[in-house]
Amino acid sequence: MQLTIATWNINSVRLRIDNLARLIAEASPDVIALQEIKCPDEAYPRAAIAALGYPHQYARGMKGYNGVAILSRLPFTATHGLDWCERQDCRHAAVKLAGGIELHNFYVPAGGDRPDPAANDKFAHKLRFLEELAAWSKAERAPRQRRILVGDLNVAPLPNDVWSHKALLDVVCHTPGEVDRLNALQEAESWVDALREFYPPEQKLFTWWSYRAQDWRASDRGRRLDHIWVTPALRGQLRAARVCKDARDWRQPSDHVPVVVTLEV
DNA sequence: ATGGTTGCCGTGCAA
């Protein structure tokens, strides 16, 4: 069977429930991983999402910030959420899908403005978060394991994952320190970057455009911050991948757009 | 070099 998975930093699930409906209409994902839902569990719109065809939901939210959720048309058999950097800030949710495929949804800290861990606690937190992810992945590694890691990783690792490699070398999300740590995470479990299996690294590819641009499409100063990775056991099962760029022009858009892959499982 | 916008919450903070 085909399994389509979407990941999206929705930047408030309550505000953008209609945009979620539109993603569902246009991409028909079986499973949707959301980041920055920005609501506590008691305010999470469970019934509205069930009505969109996703009765199986696992959400970890908090007031105002962060928060992740996994929505599914198909049942999942287990759920868990881990804490990182000794904080309870709702940046991870995991489920086990049919066939034993594990799906992990992450929201990596953005890291603030200054890329200096000594002067910026938020950047130090981001670096440490990425280090903990690498250690976790290395410990979890197992041969032939079928796992999927998605989310807003808040790092654009390749030169063509940003509008200007040179201009962003000292900008948070593309600094060598962040890229090195993301690469260490990727190597920990030999994760395959599913999007780059379909869009060659020579090609610019972005999933986020700042709200601050006057005309985001014209200036096109984007970054690829949202990722879908699969373990080597699933590489041969990848069938399609795409970035829903048009979502950036939907009414009251998120600054991130959905990323979607289809696997044969 | 600077400022630009958005969401949540409450008139600041994080992104």
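Below, read A as the first sequence line, B as the second, and so on, with proteins coming before strands; counting in each chain starts at 1.
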Reading 5' to 3' through nucleotides 10-15 of chain B, protein heavy-atom contacts under 4.0 Å coded B for base, S for sugar-phosphate only, - for none: ----SB
A:Trp8-A:Asn19 side chain donor-acceptor pair, cut-off 3.5 Å: no
Test: A:Glu131 and A:Arg181 ion pair at under 4.0 Å: yes
Charged N-O contact under 4.0 Å between A:Asp246 and A:Arg217: yes
Would you measure the distance from the [atom1] atom in [N] across to the matching atom in [M] and give it in whole Å?
{"N": "B:dT2", "M": "B:dC8", "atom1": "C1'", "answer": "26 Å"}
{"N": "B:dC9", "M": "B:dA14", "atom1": "P", "answer": "14 Å"}
{"N": "B:dG3", "M": "B:dG7", "atom1": "P", "answer": "22 Å"}
{"N": "B:dT5", "M": "B:dG10", "atom1": "P", "answer": "24 Å"}
{"N": "B:dA1", "M": "B:dG12", "atom1": "P", "answer": "28 Å"}

Interatomic distance, [X] [atom1] vs [N] [atom2] [rounded to whole Å]:
{"X": "A:Trp209", "N": "B:dT6", "atom1": "CH2", "atom2": "P", "answer": "17 Å"}
{"X": "A:Gln214", "N": "B:dT6", "atom1": "CD", "atom2": "P", "answer": "12 Å"}
{"X": "A:Met62", "N": "B:dG7", "atom1": "CE", "atom2": "P", "answer": "19 Å"}
{"X": "A:Ile10", "N": "B:dT6", "atom1": "CD1", "atom2": "C1'", "answer": "15 Å"}
{"X": "A:Ile37", "N": "B:dC8", "atom1": "CD1", "atom2": "P", "answer": "12 Å"}

Sugar-phosphate, base or nothing in reach of A:Arg221, heavy atoms under 4.0 Å: nothing
Interface with DNA chain B, restricted to residues 159-176 of chain A and to heavy atoms under 4.0 Å: none
Pairing residues for A:Arg22 by the salt bridge (charged side-chain N to carboxylate O under 4.0 Å, His left out) criterion, not counting sequence neighbours: A:Glu26
Pairing residues for A:Asp161 by the salt bridge (charged side-chain N to carboxylate O under 4.0 Å, His left out) criterion, not counting sequence neighbours: A:Arg196, A:Arg224
Salt bridge (charged side-chain N to carboxylate O under 4.0 Å, His left out) contacts in which one or both residues fall within residues 60-69 of chain A, not counting sequence neighbours: A:Arg60-A:Asp83
Which atom pairs, donor and acceptor, lie under 3.5 Å between side-chain atoms of residues 39-51 of chain A and protein residues at least two apart or in another chain?
{"from": "A:Asp41", "atom 1": "OD1", "to": "A:Gly61", "atom 2": "N", "distance (Å)": "3.0"}
{"from": "A:Tyr44", "atom 1": "OH", "to": "A:Gln57", "atom 2": "OE1", "distance (Å)": "2.7"}
{"from": "A:Arg46", "atom 1": "NH1", "to": "A:Gln57", "atom 2": "O", "distance (Å)": "3.4"}

Aromatic contact, A:His227 with A:Trp191 (centres under 6.0 Å): no
Pair A:Arg147-A:Glu189, salt bridge (charged side-chain N to carboxylate O under 4.0 Å, His left out): steps then yes or no: CA-CA 10 Å; A:Arg147 309 174 81 212; A:Glu189 220 167 328; 2.4 Å; yes
